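By convention here, the first residue in the shown sequence is residue 1. Please read these numbers as outputs of a predicted model, since none were measured by experiment.
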Amino acid sequence: MALLPPDSTHQFTVSNTVFEVPKRYSLIRSVGNGSYGVVISAVDSDTKCKVAIKKIPRVRRRRRR
């Protein structure tokens with residue numbers, strides 16, 4: 001996501017994962033989580049459409065011996 005001014009985004013936590021999204025998106029509910037991330041359902045206040053947002057955590061690479 002492009003860097004946005006701090007006052008144009010908001011945060012919420014779902015399944016111990018912090019989502020920072022533009023204020024136009026409002027959380028509806030958690031859809032699910034798994035090894036590849038957390039998915040939420042949200043509504044876009046500009047278009048009135050439901051959207052899915054997926055947050056994928058940074059992958060930790062194991063060091064080879």
Problem - Check: Pro22 main-chain N/O paired with Ser8 side-chain donor or acceptor under 3.5 Å - result: no
Practice task
Please answer: with hydrophobic residues joined when any side-chain heavy atoms are less than 4.5 Å apart, are Val14 and Tyr25 in the same cluster?
Solution key: yes
Exercise for the section: Please answer: with hydrophobic residues joined when any side-chain heavy atoms are less than 4.5 Å apart, are Ile28 and Val51 in the same cluster? Expected result: no
Handout entry: Lys55 side chain to Glu20 backbone, donor-acceptor under 3.5 Å
Key = no
Exercise for the section: Locate the shortest heavy-atom distance separating Asn33 from Ser15; write the atom from each residue and the value. Expected result: ND2-OG, 3.2 Å
Handout entry: Common cluster, Val21/Leu27, ILVMFWY with side-chain heavy-atom separation under 4.5 Å
Key = yes
Exercise for the section: Answer yes or no: are there more than 12 heavy-atom neighbours, outside Tyr36 itself, under 6.0 Å from its atom OH? Expected result: no
Fill in the blank from the handout: Heavy-atom closest pair (Lys23 atom, Thr9 atom, distance to 0.1 Å) is CE-O, 3.5 Å
Problem - Nearest heavy-atom neighbours spanning Val31 and Ser41 - result: CG2-N, 3.6 Å
Exercise for the section: Count the heavy atoms belonging to other residues, nucleotides or ligands that lie under 6.0 Å from CG of Asn16, then report whether that count exceeds 12. Expected result: no
Practice task
Report yes if the side chains of Arg29 and Ile40 come closer than 4.5 Å at any heavy-atom pair, otherwise no.
Solution key: no
